[in-house]
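Residue numbers run from 1 in the order of the sequence given. Just so we're clear, the structure is a prediction, and the values are computed from it rather than from any experiment. Every heavy atom of this structure was used, including side-chain atoms; hydrogens, water molecules and symmetry mates were not. Numbering of ligands and ligand atoms starts at 1, following listing order.
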Amino acid sequence: MNSDPAVPDAPRLDGLLLPRHVAMIMDGNGRWARKRMLNRIRGHEKGADAVRTVVRTSRELGIPYLTLYAFSTENWERPETEIAALMMLLKRFLKSEQQEMLENGIRLNAVGQIDHLPADVRSTLEKVMMITQHNMGMLLNLALSYGGRAEIIRAVRDIVSKVQKNELDPEQITDDLIGDHLYTRGMPDPDLLIRTGGEMRVSNFLLWQIAYTEIFVTSTLWPDFSKEEYIGILRDFQKRERRFGKTGA
Ligand code: IPE
Ligand code: IPE
Ligand code: MG
């Protein structure tokens, strides 16, 4: 049993364990729009509805940690108009969802280079993080200007500077110590990573943390991702045997 109330035990569905931490690469908004001869930005707009669905469903099921890849360090290389639209949509989403987050016990957190975000988005984000900070129902982690390599570089710099100041002995560098220097400090590693849009790659997401994560790729484009499909993937997860390098026995 877990004694820390901030870290709930794994929830169950039909008696079987659900993941404690689900991570998602929300991909395919642009293709969803292109198929309809729409501007890519319309795909991102529609994608916000799928985010809402996934957050609600995760909360209903009692999943304690949900991490959503919303914007990568590489996404800064997209056209300025698309970046501006994504930032506007992010701000709009935070404003429209803050009440529901409060009512449903959802704590908002961000992982990534938050200081790279436009000032208005950052202040909205920080405000929602602040007002939801005591919620314990679920941690909603938004990966914003996030890159797994940048996260590891930041951790290495931190650790090296502690070693240089003699605050840390190199012998003390362990898995746990590195984990404690990542944005996801204090959270369990994802049990399940879902990628929509069909690409068989991790695109610089949670590189350290997904060492033993179960991966599910669906060709469904993110704006079409539904509660039913999500639950189907969770049921698939429940059938998997996680061996962590050991034998099945
Ligand atoms: C995911 O959809 C959203 C972000 C990366 C911000 P995309 O915009 O990557 O959509 P596709 O992959 O071009 O279809
Ligand atoms: C991954 O999608 C990033 C997010 C979902 C935020 P991308 O569309 O940026 O990834 P690639 O370009 O297909 O690898
Ligand atoms: Mg994409």
- [ ] Please report which non-hydrogen protein atom sits nearest to atom 9 (O) of ligand 2, along with the residue it belongs to and the distance in Å to one decimal place.
- [x] Asn75 ND2, 3.0 Å

Open item on the list: Are any of the N/O atoms on Asn29, whether in the backbone or the side chain, positioned under 3.5 angstrom from an N/O atom of ligand 1?
Closed with: yes

Task: Selection from Glu74, Arg40, Glu199 by shortest heavy-atom distance to atom 13 (O) of ligand 1 - done: Arg40

Task: Proximity of Glu77 to ligand 2 by residue part, where a heavy atom lies under 4.0 Å - done: neither

- [ ] Determine whether Val54 and Ile194 fall in the same hydrophobic cluster, where Ile, Leu, Val, Met, Phe, Trp and Tyr are linked whenever their side-chain heavy atoms lie under 4.5 Å apart.
- [x] yes

Open item on the list: Below 4.0 Å from ligand 2: does a non-hydrogen atom of Arg195 turn up there or not?
Closed with: yes

Task: Stacked cation flag Arg78 on Trp76, 6.0 angstrom / 45 deg - done: no

Open item on the list: Any heavy-atom pair between the side chains of Val55 and Met138 that's under 4.5 Å?
Closed with: yes

Task: Over 12 foreign heavy atoms within 6.0 Å of CD, Glu241 - done: yes

TODO: Could you establish whether Gly197 and ligand 1 come within less than 4.0 Å of each other, counting only heavy atoms on the residue side?
DONE: no

TODO: Please check if atom CZ in Arg240 has more than 12 non-hydrogen atoms from other residues, nucleotides or ligands closer than 6.0 Å.
DONE: yes

Task: Sub-3.5 Å N/O-N/O distance, Arg78 and ligand 1 - done: yes

Task: Ser203: numbered ligand 2 atoms lying under 4.0 Å from its heavy atoms - done: 10 (O), 11 (P), 14 (O)

- [ ] Answer yes or no: is there an ion pair linking Glu151 with Arg154, defined by an N-O contact shorter than 4.0 Å?
- [x] no

Task: Atom indices of ligand 2 within 4.0 angstrom of Arg201 heavy atoms, with elements - done: 11 (P), 13 (O), 14 (O)

Open item on the list: If we only consider heavy atoms of Ala70, is any one of them less than 4.0 Å away from an atom in ligand 1?
Closed with: yes

TODO: I would like to know whether Leu139 and Met187 meet side-chain contact (heavy atoms from CB on, under 4.5 Å); could you show each step before the answer?
DONE: CA-CA 9 Å; Leu139 183 74; Met187 304 172 201; 3.6 Å; yes

Task: Pro11 side chain reached by Ile63 side chain, heavy atoms, under 4.5 Å - done: yes

Task: Minimum-distance atom from the Mg ion (ligand 3) among N, O or S atoms of Asp27 - done: OD1

TODO: Just say parallel, tilted or perpendicular for the rings of Phe244 and Tyr212, cut-offs at 30° and 60°.
DONE: tilted

- [ ] Could you establish whether Met26 and ligand 2 come within less than 4.0 Å of each other, counting only heavy atoms on the residue side?
- [x] yes

TODO: Would you mind checking which non-hydrogen protein atom is closest to atom 10 (O) of ligand 1, with the distance to 0.1 Å?
DONE: Gly30 N, 2.9 Å

- [ ] Find all atoms of ligand 2 within a distance of less than 4.0 Å from any non-hydrogen atom belonging to Ile25, and give their numbers and elements.
- [x] 1 (C), 5 (C)

Task: For atom 14 (O) of ligand 1, the option (of Lys35, Arg31, Glu82) bearing the nearest heavy atom - done: Arg31

Open item on the list: Quick test: of every protein heavy atom, which one is nearest to atom 7 (P) of ligand 1, and how far off is it to 0.1 Å?
Closed with: Asp27 OD1, 3.5 Å

Task: Which segment of Phe71 sits under 4.0 Å of ligand 2 when only heavy atoms are counted - done: backbone

Task: Nearest heavy atoms of Ile106 and Thr132, plus distance in Å - done: O-CB, 3.3 Å

Open item on the list: Between Arg59 and Glu100, does any side-chain N to carboxylate O distance fall below 4.0 Å?
Closed with: no

Task: Atom indices of ligand 1, in the order listed, that fall short of 4.0 Å to a heavy atom of His44 - done: 3 (C), 8 (O)

